[in-house]
Structure formats: C-alpha cells, structure tokens
Amino acid sequence: MQHSAPNLKLASLVVLAALTLSAAQAEQRPAEDVMMRAISGNAPEPEGRHVSYFEANEDTRGYLAMPDDDGPFPAVILIHEWNGLVDRIRQTADAFAEHGYIAFAADLYGGRTGSNREENIELMREARSDEQRIIDNLDAAVEWLETNTPTTGRIATVGWCFGGGVALSYALGGERHDGTAVFYGSLIDDPDQMRQVHHEVYGTFAEEDTGIPVDQVEAFVTAMRAAGIDNDVHIYDAVDHGFWLYNERDPRDARPAAAHAWERLRAYLDRTIGPDAETTEEE
C-alpha cells in the first residue's frame, strides 16, 4: 500500500531494510496500539494538563502529557495543524506519553482554534506573518521542558501540515535539538539552507497530495543528500494529505499506511532521542 519514489529509495534504504513490519503486518496491530487508537478517532478524552510557557503571550497554553514512571525521558514537541491545538493533537500527545516520551503540544495560535477553512487559513497566515515569533514560541517550549520535566535533554519535533512546515523551519533556526519529523508539511529544496540542520530528518508524504506533490518531495530529498543529511523519507500511495493524523477518513488505504509510518517514526525516535541514541552516544 506504499512506495518510495524511485529517487527516494536510496534516501530511506537503510531504515526500510531494517524495518521488518510490512504495512500488512502493521495493520494487524492498531487495535492494541494507543497511537493507532489516537489517530483513528478512538482515544479517550485527553488526560494531560495545560501549562503556560510563553511569556510573550499569556493566552498561549501548551498541553503536557507525561509517562507514568519517574524518568528521565526523551521529549517530543508536537506542532499542530492549521486549525490549532485541538483534542486530536492532545490525544496523540497522550499516546506518545504512553510510549515513554514526554509529549508537549505547542500552541502557536494563542489559545485559538479554527472551525472552518476560512478561520484556519486566517490563523495560519497570522502566525506565519511573524516567523521569529514562532521560533521564539518553540524555543520557550524547549526551555520549559528542560526546566520543569525530567527530560534526558534529547528533544525532537513532530509536526503535521502547517506544523510539519514549522518543524522544518525550526530545525533551521531554533534551539539545537535532536530530531525533526515532518508529516506532509511545506518543504525546502535549497541545500545551503538544509546544511543548517544537524540531525537526521524523518518525512512522511502522500502520493495523492496535490499541495505537496511528489516532485517537491524528491527535490527536498535531493537537497538533503547534497547537504549530507541522513533522512528517512517515504511517500505512501493511494492516500492524500492528512492521512496519518485522521486515518479514519479512509480506513482501507490510510490505516495500513499510517501504521507503517508509525513504526518508522518509532524507529526514528529510538535512533535520534531514544535508547538507541543513548547507546550510540555512550559508545
């Protein structure tokens, strides 16, 4: 149910060769996996808490989900889609916490959310009109995590759509962090810009996404190769933009693709901020 475009296969060959779960095998796991329940619309009400973390805007409140044990834990900063910090992002944060990550969902809209296309576009445009404010917001999230949670100091960003593009921008201009995961977000095709990234990059895209077509993804991977950046980029066929975070919209095609992308993401986070990263550092 998925493929890498021909000139992307080399970019993700090592990861995909090591990944033993096929999409068909992964499809058998969603009922037991808290993340698959979250991104299928079957998660319980959010169980974390909201925190104020950005002094420049007192209405900004992030959402924190913590693992049950004492830690320390690696951390993920989740960056919402164009409609803002809604329950689906909170439930996804809860799922990350159950998998052993401190999960912090940032709020780039000052507590506001959109309920239709026009509102979403207006919120997104307003945020993008001040890119430095976005960077400052996420820097504040990193600082809050390092000050207030038992983090290992290893942090990755994960973003979807608008948030995917923001995650990539933050990799260029934000506080030093250890991973960037982009789900169908806006991309960069300039190797010189990409040389500012100092860690492996994860990317999941959809073949039927007309907003981010395959040739743009190919140009993105070409730029990363030229910049010497390790990457795991994969394009899934028969699915469209938004397929991962809301895979119940297309259960037949999106669910197995989403399960496979989740297994890749787990392996990526293990390598960059999790136990495999710690082992590599010690060696």
Practice task
On the 0 to 90° scale, with breaks at 30° and 60°, tag the Phe104-Trp144 ring pair as parallel, tilted or perpendicular.
Solution key: tilted
Practice task
Determine, using the 4.5 Å side-chain heavy-atom cutoff (strictly less than), whether Leu245 and Ile79 are members of one ILVMFWY cluster.
Solution key: no
Handout entry: Non-hydrogen side-chain atoms of Tyr53 and Thr147 separated by less than 4.5 Å
Key = no
Fill in the blank from the handout: Hits for ring-ring contact (aromatic ring centres under 6.0 Å, His included) against Tyr202, two or more places apart or cross-chain, chain-then-number order -> Phe183, Tyr268
Exercise for the section: Supply the atom-to-atom distance Thr113 OG1 to His80 NE2, rounded to the nearest 0.5 angstrom. Expected result: 9.5 Å
Exercise for the section: Name the orientation class of the two ring planes belonging to Tyr184 and Phe243 (parallel below 30°, tilted from 30 to 60°, perpendicular beyond 60°). Expected result: tilted
Exercise for the section: State yes or no: do Met36 and Trp160 share one hydrophobic cluster built from I, L, V, M, F, W and Y residues joined by side-chain heavy-atom distances below 4.5 Å, directly or via other members? Expected result: yes
Problem - Short N-O contact, Arg271 and Asp230, less than 4.0 angstrom - result: no
Practice task
Assess whether atom CD of Glu58 is packed by more than 12 heavy atoms of other residues, nucleotides or ligands within 6.0 Å.
Solution key: no
Exercise for the section: Check the surroundings of atom CD in Glu248: do more than 12 heavy atoms from other residues, nucleotides or ligands lie under 6.0 Å from it? Expected result: yes
Handout entry: Any donor-acceptor pair under 3.5 Å from Asp178 side chain to Ile155 backbone
Key = yes
Problem - Spacing of CD1 belonging to Ile188 relative to CE belonging to Met224, to within rounding of 0.5 Å - result: 10.0 Å
Practice task
Check whether the side chains of His260 and Tyr236 place a donor and an acceptor atom closer than 3.5 Å, and report yes or no.
Solution key: yes
Exercise for the section: Please check if any side-chain donor atom of Asn247 sits under 3.5 Å from a side-chain acceptor atom of Ser40, or the reverse. Expected result: yes
Practice task
Say whether, by atom type as modelled, one donor and one acceptor occur between the side chain of Gln91 and the main chain of Pro44 under 3.5 angstrom.
Solution key: yes
Practice task
Applying side-chain contact (heavy atoms from CB on, under 4.5 Å), run through Asp107 and Asp59 and close with a yes or a no.
Solution key: CA-CA 9 Å; Asp107 169 20; Asp59 294 324; over 6 Å; no
Practice task
Just do the side-chain contact (heavy atoms from CB on, under 4.5 Å) check on Arg195 and Asp192 with the steps written out, would you?
Solution key: CA-CA 5 Å; Arg195 287 189 180 94; Asp192 289 336; 2.5 Å; yes
Practice task
Identify whether Leu168 and Ile135 are in the same connected component of the hydrophobic contact network (ILVMFWY, side-chain heavy atoms under 4.5 Å).
Solution key: no
Problem - Plane angle bin for His177 and His199 - parallel if under 30°, tilted between 30 and 60°, otherwise perpendicular - result: tilted
Problem - Verify same cluster id: Ile212, Tyr246 (apolar side-chain graph, 4.5 Å) - result: yes
Problem - Worked check of salt bridge (charged side-chain N to carboxylate O under 4.0 Å, His left out) between Asp87 and Arg90 - result: CA-CA 5 Å; Asp87 274 354; Arg90 297 182 183 97; 2.9 Å; yes
Problem - Arg133 and Asn137, any side-chain heavy atoms less than 4.5 Å apart - result: no
Practice task
Measure from the side-chain N and O atoms of Tyr101 to the backbone N and O of Gly274, and report whether any donor-acceptor pair falls under 3.5 Å.
Solution key: no
Problem - Under 3.5 Å side-chain donor-acceptor pair for Asp94 and Tyr63 - result: yes
Exercise for the section: Answer yes or no: is there a donor N or O on one side and an acceptor on the other, between the side chain of Asn231 and the main chain of Ile229, under 3.5 Å? Expected result: yes
Practice task
Before accepting this row, confirm whether a basic side-chain N of the pair Arg112/Glu126 lies closer than 4.0 Å to the acidic partner's carboxylate O.
Solution key: yes
Exercise for the section: Verify the cluster assignment for Val76 and Ile89: are they in a single hydrophobic cluster under the rule of side-chain heavy atoms below 4.5 Å apart? Expected result: yes
Problem - SB check Arg37 Glu98 (cutoff 4.0 Å) - result: no
Problem - Greater than 12 external heavy atoms within 6.0 Å of Asp68's CG - result: no
